[in-house]
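As a basis for the values below, the full set of heavy atoms in this structure was taken, side chains included, without hydrogen atoms, waters or symmetry mates. Predicted model, so just to flag it, every value in this text is computed and none were measured.
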Amino acid sequence: MLETPRRARQAATLGLVFGAVLLAGAATGAWGDPGTPPHRASADAAPAAVGVVAAGQDPAGAALSEQQAEHLIGASGDRWGAYYSAQEYAEFSQGLDGRYLGVGLSVGRGQDGVTAVSQVRPAGPAAEAGIAAGDRLLRVGEDQADRLPVTEVVARLRGREGERQAGSEVTLAVQRGDGEVREVRLHRVLLDSQQVTVERLDDGVVRITVRAFTSGVAEQVRAAVRGAHAGVVLDLRGNSGGLVEEAAGTAGVFLDGGPVGSYRERGGTRELTAPPGGDQRTPLVVLVDGGTMSAAELLTGALQDRSRAVVVGGRTFGKGTVQQPSRLADGAVLELTVGRYYTPAGRSPEGTGLTPDVPATASEDAGALALRVLAGLGTRA
(Lines give C-alpha, C1' and ligand atoms only; values in the text may rest on other atoms or scores of the structure.)
Protein backbone atom coordinates (compact mmCIF):
# COMPACT_ATOMS: atom_id res chain seq x y z
CA MET A 1 0.00 0.00 0.00
CA LEU A 2 1.23 3.51 -0.78
CA GLU A 3 2.11 5.82 2.07
CA THR A 4 -0.67 8.20 3.10
CA PRO A 5 1.22 11.41 2.12
CA ARG A 6 1.55 10.17 -1.46
CA ARG A 7 -2.13 9.31 -1.75
CA ALA A 8 -2.98 12.65 -0.17
CA ARG A 9 -0.84 14.46 -2.68
CA GLN A 10 -2.47 12.79 -5.66
CA ALA A 11 -5.94 13.53 -4.29
CA ALA A 12 -4.87 17.07 -3.49
CA THR A 13 -3.52 17.54 -7.00
CA LEU A 14 -6.93 16.65 -8.40
CA GLY A 15 -8.29 19.31 -6.07
CA LEU A 16 -6.28 21.98 -7.87
CA VAL A 17 -7.70 21.00 -11.24
CA PHE A 18 -11.24 20.54 -9.96
CA GLY A 19 -11.15 23.48 -7.55
CA ALA A 20 -12.68 25.98 -9.90
CA VAL A 21 -15.87 23.92 -10.25
CA LEU A 22 -16.04 22.27 -6.84
CA LEU A 23 -17.42 23.98 -3.78
CA ALA A 24 -14.69 24.61 -1.24
CA GLY A 25 -14.85 21.85 1.32
CA ALA A 26 -16.56 19.33 -0.93
CA ALA A 27 -13.19 17.78 -1.74
CA THR A 28 -11.22 16.18 1.08
CA GLY A 29 -7.94 17.59 2.35
CA ALA A 30 -5.77 20.49 1.27
CA TRP A 31 -4.66 20.94 -2.30
CA GLY A 32 -1.21 19.83 -3.38
CA ASP A 33 1.07 20.74 -6.27
CA PRO A 34 0.18 19.34 -9.64
CA GLY A 35 2.62 17.59 -11.88
CA THR A 36 4.44 19.97 -14.17
CA PRO A 37 4.90 19.90 -17.93
CA PRO A 38 8.57 19.48 -18.89
CA HIS A 39 9.05 23.11 -19.98
CA ARG A 40 7.76 24.48 -16.68
CA ALA A 41 9.35 24.85 -13.25
CA SER A 42 7.45 24.25 -10.05
CA ALA A 43 8.21 23.29 -6.49
CA ASP A 44 7.36 19.76 -7.55
CA ALA A 45 9.34 19.57 -10.74
CA ALA A 46 12.95 20.47 -11.34
CA PRO A 47 13.50 23.63 -13.42
CA ALA A 48 14.34 22.94 -17.04
CA ALA A 49 17.90 24.20 -16.47
CA VAL A 50 18.42 21.38 -13.99
CA GLY A 51 17.49 18.71 -16.48
CA VAL A 52 13.77 18.00 -16.56
CA VAL A 53 13.03 15.26 -19.08
CA ALA A 54 11.89 16.82 -22.33
CA ALA A 55 8.62 15.91 -23.99
CA GLY A 56 8.93 12.84 -26.14
CA GLN A 57 11.83 11.34 -24.21
CA ASP A 58 11.35 7.91 -22.70
CA PRO A 59 13.67 7.68 -19.68
CA ALA A 60 12.08 4.47 -18.44
CA GLY A 61 12.34 2.76 -21.82
CA ALA A 62 9.01 0.98 -21.33
CA ALA A 63 5.52 1.55 -20.08
CA LEU A 64 4.70 0.70 -16.48
CA SER A 65 1.32 -0.24 -15.12
CA GLU A 66 0.00 1.91 -12.29
CA GLN A 67 0.58 -0.98 -9.89
CA GLN A 68 4.20 -1.41 -11.05
CA ALA A 69 4.84 2.33 -10.75
CA GLU A 70 3.36 2.46 -7.26
CA HIS A 71 5.49 -0.52 -6.23
CA LEU A 72 8.59 1.25 -7.56
CA ILE A 73 7.75 4.42 -5.64
CA GLY A 74 6.98 2.49 -2.47
CA ALA A 75 10.25 0.57 -2.68
CA SER A 76 12.21 3.81 -3.11
CA GLY A 77 10.76 5.28 0.10
CA ASP A 78 10.01 8.52 -1.78
CA ARG A 79 7.36 10.25 0.31
CA TRP A 80 6.32 12.60 -2.50
CA GLY A 81 6.79 10.34 -5.52
CA ALA A 82 3.69 9.94 -7.68
CA TYR A 83 2.38 8.29 -10.83
CA TYR A 84 0.00 9.99 -13.27
CA SER A 85 -1.75 8.59 -16.29
CA ALA A 86 -1.32 10.52 -19.53
CA GLN A 87 -4.83 11.95 -19.19
CA GLU A 88 -4.28 13.03 -15.57
CA TYR A 89 -0.99 14.70 -16.45
CA ALA A 90 -2.53 16.55 -19.38
CA GLU A 91 -5.24 17.88 -17.08
CA PHE A 92 -2.69 18.92 -14.44
CA SER A 93 -0.72 20.80 -17.09
CA GLN A 94 -3.88 22.53 -18.22
CA GLY A 95 -4.62 23.44 -14.60
CA LEU A 96 -1.19 25.06 -14.28
CA ASP A 97 -2.05 27.21 -17.27
CA GLY A 98 -4.90 28.59 -15.15
CA ARG A 99 -7.66 26.87 -17.10
CA TYR A 100 -10.09 24.01 -16.59
CA LEU A 101 -12.70 22.27 -18.70
CA GLY A 102 -16.22 22.62 -17.37
CA VAL A 103 -19.62 24.29 -17.56
CA GLY A 104 -19.05 27.11 -15.07
CA LEU A 105 -20.84 26.04 -11.93
CA SER A 106 -19.94 24.85 -8.43
CA VAL A 107 -21.98 22.32 -6.49
CA GLY A 108 -22.36 21.41 -2.83
CA ARG A 109 -24.41 19.08 -0.70
CA GLY A 110 -26.21 20.06 2.47
CA GLN A 111 -26.83 17.97 5.56
CA ASP A 112 -30.21 17.05 4.09
CA GLY A 113 -28.42 15.27 1.23
CA VAL A 114 -29.64 17.70 -1.41
CA THR A 115 -27.21 18.57 -4.20
CA ALA A 116 -27.44 22.25 -5.11
CA VAL A 117 -25.65 24.81 -7.24
CA SER A 118 -23.51 26.95 -4.94
CA GLN A 119 -21.96 29.33 -7.47
CA VAL A 120 -22.34 30.14 -11.16
CA ARG A 121 -19.55 31.69 -13.19
CA PRO A 122 -20.69 34.83 -15.05
CA ALA A 123 -20.90 34.40 -18.83
CA GLY A 124 -20.21 30.64 -18.55
CA PRO A 125 -22.39 27.95 -20.15
CA ALA A 126 -24.43 27.42 -16.96
CA ALA A 127 -25.13 31.14 -16.56
CA GLU A 128 -26.13 31.48 -20.20
CA ALA A 129 -28.60 28.62 -19.69
CA GLY A 130 -30.23 30.49 -16.81
CA ILE A 131 -28.90 28.31 -13.99
CA ALA A 132 -28.49 30.24 -10.72
CA ALA A 133 -26.96 29.68 -7.30
CA GLY A 134 -29.47 27.86 -5.09
CA ASP A 135 -30.97 25.78 -7.90
CA ARG A 136 -31.25 22.11 -7.02
CA LEU A 137 -29.28 19.76 -9.27
CA LEU A 138 -31.49 16.71 -9.75
CA ARG A 139 -29.76 14.74 -12.49
CA VAL A 140 -26.46 14.62 -14.34
CA GLY A 141 -27.11 12.71 -17.51
CA GLU A 142 -29.44 9.84 -16.57
CA ASP A 143 -28.24 9.55 -12.94
CA GLN A 144 -29.74 11.22 -9.88
CA ALA A 145 -27.21 13.68 -8.47
CA ASP A 146 -28.14 13.01 -4.83
CA ARG A 147 -27.18 9.35 -5.21
CA LEU A 148 -23.67 10.16 -6.44
CA PRO A 149 -20.71 11.34 -4.37
CA VAL A 150 -20.13 15.07 -4.88
CA THR A 151 -16.74 14.31 -6.42
CA GLU A 152 -18.44 12.06 -8.98
CA VAL A 153 -20.95 14.81 -9.80
CA VAL A 154 -18.02 17.15 -10.45
CA ALA A 155 -16.24 14.53 -12.55
CA ARG A 156 -19.32 14.08 -14.73
CA LEU A 157 -19.71 17.82 -15.15
CA ARG A 158 -16.13 17.91 -16.40
CA GLY A 159 -16.58 14.82 -18.55
CA ARG A 160 -15.75 11.16 -18.44
CA GLU A 161 -13.02 9.53 -20.49
CA GLY A 162 -13.59 10.45 -24.11
CA GLU A 163 -15.77 13.44 -23.19
CA ARG A 164 -13.00 15.68 -21.84
CA GLN A 165 -12.84 18.14 -24.68
CA ALA A 166 -14.27 21.54 -25.41
CA GLY A 167 -17.66 21.30 -27.09
CA SER A 168 -18.68 18.00 -25.51
CA GLU A 169 -22.19 17.97 -24.06
CA VAL A 170 -23.71 17.23 -20.67
CA THR A 171 -27.43 17.20 -19.84
CA LEU A 172 -28.63 18.42 -16.43
CA ALA A 173 -32.01 18.49 -14.71
CA VAL A 174 -32.38 21.49 -12.37
CA GLN A 175 -35.17 22.92 -10.25
CA ARG A 176 -35.60 26.36 -8.68
CA GLY A 177 -37.52 26.26 -5.42
CA ASP A 178 -40.72 24.30 -5.89
CA GLY A 179 -40.90 25.25 -9.55
CA GLU A 180 -40.86 23.20 -12.68
CA VAL A 181 -37.96 20.82 -13.36
CA ARG A 182 -35.93 22.03 -16.34
CA GLU A 183 -33.66 19.95 -18.51
CA VAL A 184 -30.72 21.88 -19.95
CA ARG A 185 -27.95 20.85 -22.31
CA LEU A 186 -24.59 22.49 -21.69
CA HIS A 187 -21.44 22.39 -23.78
CA ARG A 188 -18.14 22.22 -21.93
CA VAL A 189 -15.64 25.03 -22.53
CA LEU A 190 -12.22 26.02 -21.25
CA LEU A 191 -12.59 28.49 -18.38
CA ASP A 192 -10.11 30.50 -16.34
CA SER A 193 -9.64 29.03 -12.88
CA GLN A 194 -9.55 32.43 -11.10
CA GLN A 195 -6.86 31.72 -8.52
CA VAL A 196 -6.65 35.36 -7.37
CA THR A 197 -9.37 37.29 -5.52
CA VAL A 198 -8.97 40.97 -4.64
CA GLU A 199 -10.94 42.86 -1.97
CA ARG A 200 -10.53 46.59 -1.31
CA LEU A 201 -11.52 47.33 2.26
CA ASP A 202 -12.90 50.63 3.60
CA ASP A 203 -9.70 51.53 5.45
CA GLY A 204 -7.59 51.49 2.29
CA VAL A 205 -6.32 47.95 2.81
CA VAL A 206 -6.10 45.56 -0.15
CA ARG A 207 -6.69 41.90 0.68
CA ILE A 208 -5.37 39.55 -2.01
CA THR A 209 -6.20 35.84 -1.82
CA VAL A 210 -4.05 33.52 -3.92
CA ARG A 211 -5.22 29.90 -4.03
CA ALA A 212 -2.47 28.49 -6.25
CA PHE A 213 0.41 29.75 -8.39
CA THR A 214 -0.83 29.04 -11.90
CA SER A 215 0.22 30.91 -15.01
CA GLY A 216 -0.40 34.67 -14.81
CA VAL A 217 -0.89 34.89 -11.03
CA ALA A 218 2.12 37.15 -10.41
CA GLU A 219 0.85 39.73 -12.90
CA GLN A 220 -2.64 39.59 -11.34
CA VAL A 221 -1.13 40.32 -7.91
CA ARG A 222 0.94 43.14 -9.39
CA ALA A 223 -2.17 44.68 -10.93
CA ALA A 224 -4.00 44.40 -7.61
CA VAL A 225 -1.49 46.60 -5.77
CA ARG A 226 -1.29 49.36 -8.36
CA GLY A 227 -2.52 52.69 -7.07
CA ALA A 228 -2.79 54.11 -3.57
CA HIS A 229 -3.48 51.83 -0.61
CA ALA A 230 -2.60 51.82 3.08
CA GLY A 231 -1.51 48.19 3.37
CA VAL A 232 -1.76 44.71 1.90
CA VAL A 233 -2.87 41.35 3.33
CA LEU A 234 -1.63 38.52 1.13
CA ASP A 235 -3.78 35.51 2.02
CA LEU A 236 -2.02 32.23 1.19
CA ARG A 237 -4.18 29.98 3.36
CA GLY A 238 -4.91 26.72 1.58
CA ASN A 239 -2.56 27.69 -1.25
CA SER A 240 -1.45 24.50 -2.99
CA GLY A 241 1.77 25.91 -4.47
CA GLY A 242 2.35 25.51 -8.19
CA LEU A 243 4.75 27.26 -10.55
CA VAL A 244 7.95 28.50 -8.94
CA GLU A 245 8.37 31.30 -11.47
CA GLU A 246 4.94 32.66 -10.51
CA ALA A 247 5.81 32.52 -6.80
CA ALA A 248 9.12 34.29 -7.47
CA GLY A 249 7.31 36.83 -9.65
CA THR A 250 4.84 37.47 -6.82
CA ALA A 251 7.76 38.03 -4.46
CA GLY A 252 8.98 40.62 -6.94
CA VAL A 253 5.76 42.60 -6.43
CA PHE A 254 6.95 43.33 -2.87
CA LEU A 255 10.75 43.15 -3.25
CA ASP A 256 13.20 45.14 -5.33
CA GLY A 257 14.96 42.09 -6.74
CA GLY A 258 17.24 39.89 -4.69
CA PRO A 259 17.00 36.29 -3.46
CA VAL A 260 13.75 34.35 -3.12
CA GLY A 261 15.35 31.02 -2.37
CA SER A 262 17.50 28.29 -3.83
CA TYR A 263 17.06 24.84 -5.25
CA ARG A 264 19.56 22.14 -4.34
CA GLU A 265 19.97 18.79 -6.05
CA ARG A 266 22.76 16.42 -6.92
CA GLY A 267 24.28 18.70 -9.55
CA GLY A 268 24.57 21.78 -7.38
CA THR A 269 22.57 24.84 -6.33
CA ARG A 270 20.43 27.17 -8.43
CA GLU A 271 19.38 30.56 -7.10
CA LEU A 272 15.83 31.88 -7.44
CA THR A 273 15.56 35.66 -7.60
CA ALA A 274 12.75 38.22 -7.69
CA PRO A 275 12.44 40.65 -10.56
CA PRO A 276 13.42 44.22 -9.62
CA GLY A 277 11.16 47.20 -9.05
CA GLY A 278 8.74 45.92 -6.41
CA ASP A 279 7.04 47.97 -3.70
CA GLN A 280 9.13 47.69 -0.51
CA ARG A 281 7.34 50.41 1.47
CA THR A 282 3.69 49.44 1.85
CA PRO A 283 2.96 47.49 5.06
CA LEU A 284 2.46 43.82 4.25
CA VAL A 285 1.02 40.87 6.19
CA VAL A 286 1.12 37.31 4.83
CA LEU A 287 -1.64 35.04 6.12
CA VAL A 288 -0.86 31.28 6.21
CA ASP A 289 -2.15 28.00 7.65
CA GLY A 290 -1.57 24.25 7.51
CA GLY A 291 -2.75 24.19 3.90
CA THR A 292 -0.06 26.64 2.72
CA MET A 293 2.25 24.40 0.70
CA SER A 294 5.37 24.21 -1.41
CA ALA A 295 5.81 27.25 -3.70
CA ALA A 296 3.55 29.21 -1.32
CA GLU A 297 5.92 28.30 1.51
CA LEU A 298 8.87 29.42 -0.61
CA LEU A 299 7.24 32.83 -1.11
CA THR A 300 6.32 33.11 2.57
CA GLY A 301 9.84 32.20 3.65
CA ALA A 302 11.39 34.76 1.30
CA LEU A 303 9.22 37.63 2.55
CA GLN A 304 9.79 36.55 6.15
CA ASP A 305 13.58 36.08 5.87
CA ARG A 306 14.01 39.44 4.17
CA SER A 307 11.90 41.23 6.81
CA ARG A 308 9.47 42.41 4.16
CA ALA A 309 6.30 41.01 5.75
CA VAL A 310 4.85 39.89 9.06
CA VAL A 311 3.60 36.32 8.76
CA VAL A 312 0.34 35.62 10.63
CA GLY A 313 -1.70 32.46 11.17
CA GLY A 314 -0.70 28.83 11.62
CA ARG A 315 2.35 26.72 10.85
CA THR A 316 2.55 25.91 7.14
CA PHE A 317 2.24 22.43 5.65
CA GLY A 318 5.94 21.54 5.35
CA LYS A 319 6.70 20.54 1.75
CA GLY A 320 10.13 21.68 0.60
CA THR A 321 11.11 19.02 -1.91
CA VAL A 322 11.40 19.12 -5.68
CA GLN A 323 10.09 16.39 -7.97
CA GLN A 324 11.30 15.64 -11.50
CA PRO A 325 8.74 14.28 -13.97
CA SER A 326 9.80 11.46 -16.32
CA ARG A 327 7.52 10.57 -19.20
CA LEU A 328 7.03 6.85 -19.78
CA ALA A 329 6.56 5.13 -23.11
CA ASP A 330 2.75 5.13 -22.87
CA GLY A 331 2.58 8.85 -22.05
CA ALA A 332 2.16 8.35 -18.31
CA VAL A 333 4.42 10.34 -15.98
CA LEU A 334 6.46 9.19 -13.00
CA GLU A 335 7.56 11.91 -10.55
CA LEU A 336 10.40 11.23 -8.14
CA THR A 337 12.01 13.54 -5.59
CA VAL A 338 15.39 14.89 -6.71
CA GLY A 339 16.17 17.65 -4.21
CA ARG A 340 15.04 20.38 -1.84
CA TYR A 341 14.55 24.11 -1.96
CA TYR A 342 15.56 26.61 0.72
CA THR A 343 14.57 30.11 1.76
CA PRO A 344 17.10 32.98 1.52
CA ALA A 345 18.20 32.28 5.12
CA GLY A 346 18.83 28.62 4.29
CA ARG A 347 15.69 27.15 5.88
CA SER A 348 13.88 24.18 4.34
CA PRO A 349 10.15 23.86 5.07
CA GLU A 350 10.33 20.10 4.47
CA GLY A 351 8.69 18.18 7.28
CA THR A 352 8.43 21.10 9.69
CA GLY A 353 6.76 23.95 7.82
CA LEU A 354 7.32 27.62 8.59
CA THR A 355 6.36 29.22 11.90
CA PRO A 356 4.36 32.47 11.70
CA ASP A 357 5.66 35.61 13.40
CA VAL A 358 2.24 36.08 15.00
CA PRO A 359 0.47 32.74 15.63
CA ALA A 360 -3.32 32.58 15.64
CA THR A 361 -4.97 30.44 18.31
CA ALA A 362 -7.45 27.74 17.31
CA SER A 363 -10.37 29.89 18.46
CA GLU A 364 -9.10 33.10 16.86
CA ASP A 365 -10.19 34.62 13.56
CA ALA A 366 -6.87 34.65 11.71
CA GLY A 367 -8.16 37.07 9.09
CA ALA A 368 -9.18 39.61 11.72
CA LEU A 369 -5.84 39.11 13.48
CA ALA A 370 -4.01 39.86 10.22
CA LEU A 371 -5.86 43.16 9.88
CA ARG A 372 -5.00 44.12 13.47
CA VAL A 373 -1.34 43.33 12.88
CA LEU A 374 -1.38 45.35 9.67
CA ALA A 375 -2.92 48.32 11.50
CA GLY A 376 -0.09 48.09 14.04
CA LEU A 377 2.49 48.38 11.26
CA GLY A 378 1.28 51.89 10.43
CA THR A 379 0.66 53.33 7.00
CA ARG A 380 2.97 53.95 4.10
CA ALA A 381 5.38 56.78 4.73
Side chain to side chain contact (heavy atoms under 4.5 Å, CB included) partner of L236, the single match among T300, T209, V311, I208: T300
Shortest non-hydrogen contact between S215 and L243, atoms and distance: N-CD1, 3.7 Å
side-chain contact (heavy atoms from CB on, under 4.5 Å) between T282 and H229, intermediate numbers included: CA-CA 8 Å; T282 303; H229 44 273; 3.7 Å; yes
Heavy-atom closest pair, residues P275 and A248: CD-O, 3.7 Å
Working for side-chain contact (heavy atoms from CB on, under 4.5 Å), residues D279 and R281: CA-CA 6 Å; D279 174 12; R281 298 171 55 201; 3.8 Å; yes
Heavy-atom closest contact (P349 atom, G320 atom, distance): CD-CA, 4.1 Å
Spacing of L284 atom CG and L234 atom CG [to the nearest 0.5 Å]: 6.5 Å
Same apolar cluster: V154 and L137, side chain cutoff 4.5 Å: yes
Nearest non-hydrogen partners of G249 and R222, listed with the distance: O-NH2, 3.7 Å
CD/E142: more than 12 non-hydrogen atoms of other groups inside 6.0 Å: no
E246 side chain to G216 backbone, donor-acceptor under 3.5 Å: yes
Hydrophobic cluster identity match, V233 and V206, side-chain contacts under 4.5 Å: no
Side-chain donor or acceptor of R308 paired with backbone N/O of F254 under 3.5 Å: yes
Atom pair CG/CZ of L377 and R372 - distance to nearest 0.5 Å: 13.0 Å
Heavy-atom donor-acceptor pair, T292 side chain to A296 backbone, under 3.5 Å: no
D143 side chain reached by E152 side chain, heavy atoms, under 4.5 Å: no
Spacing of CZ belonging to R207 relative to CG belonging to L371, to within rounding of 0.5 Å: 5.5 Å
Steps toward side-chain contact (heavy atoms from CB on, under 4.5 Å) verdict (V260, L299): CA-CA 7 Å; V260 172; L299 170 60; 5.8 Å; no
N239 (side chain) donor-acceptor with V210 (main chain) under 3.5 angstrom: yes
In one Ile/Leu/Val/Met/Phe/Trp/Tyr side-chain cluster, 4.5 Å: V310, V232: no
Non-hydrogen atoms of A295 and A247 that approach each other most closely: O-CB, 3.7 Å
T197 and R211 side chains, donor-acceptor separation under 3.5 Å: yes
Donor-acceptor contact present, side-chain D256 to main-chain P276, <3.5 Å: no
Derivation and outcome, side chain to side chain donor-acceptor pair (under 3.5 Å), residues T321 and Q323: CA-CA 7 Å; T321 57; Q323 281 68 47; 3.0 Å; yes
D365 side chain near L369 side chain, heavy-atom distance below 4.5 Å: no
Single-linkage hydrophobic cluster, 4.5 Å side-chain cutoff, V244 and V217 together: no
Sidechain-backbone polar pair: S118 side chain, S106 backbone, donor-acceptor under 3.5 Å: yes
Pairs touching residues 167-176 that satisfy side chain to side chain donor-acceptor pair (under 3.5 Å), sequence neighbours left out: D135-R176, S168-R188, E169-H187
Chi angles and distances behind the side chain to side chain donor-acceptor pair (under 3.5 Å) call for T214, Q195: CA-CA 7 Å; T214 57; Q195 301 295 351; 4.7 Å; no
R136: which of V117, V174, D178, D146 passes side chain to side chain contact (heavy atoms under 4.5 Å, CB included): D146
Steps toward side-chain contact (heavy atoms from CB on, under 4.5 Å) verdict (I131, R182): CA-CA 10 Å; I131 297 175; R182 287 197 305 136; 4.2 Å; yes
Backbone N/O of G318 and side chain of E297: donor-acceptor pair under 3.5 Å: yes
Distance (rounded to the nearest 0.5 Å) between E350 CD and Y341 OH: 8.5 Å
Nearest-0.5 Å distance, CZ of residue R121 to CG of residue L191: 5.0 Å
Distance-minimising heavy-atom pair for Y342 and S348: CE2-CB, 3.5 Å
Side-chain (D289) to main-chain (G313) donor-acceptor, under 3.5 angstrom: no
Separation of L72 CG from L336 CG (nearest 0.5 Å): 6.5 Å
Check: H71 and Q67 side chains under 4.5 Å, non-hydrogen atoms: no
Stepwise salt bridge (charged side-chain N to carboxylate O under 4.0 Å, His left out) test for R226 and E219: CA-CA 11 Å; R226 290 193 182 110; E219 184 51 41; 3.0 Å; yes
Heavy-atom donor-acceptor pair, D78 side chain to T337 backbone, under 3.5 Å: yes
Whether R306 side chain and P259 backbone form a donor-acceptor pair below 3.5 Å: yes
Cluster link L255 to V288, ILVMFWY, side chain under 4.5 Å: yes
With R200 via side-chain hydrogen bond (donor to acceptor under 3.5 Å, both in side chains) - residues at least two apart: none
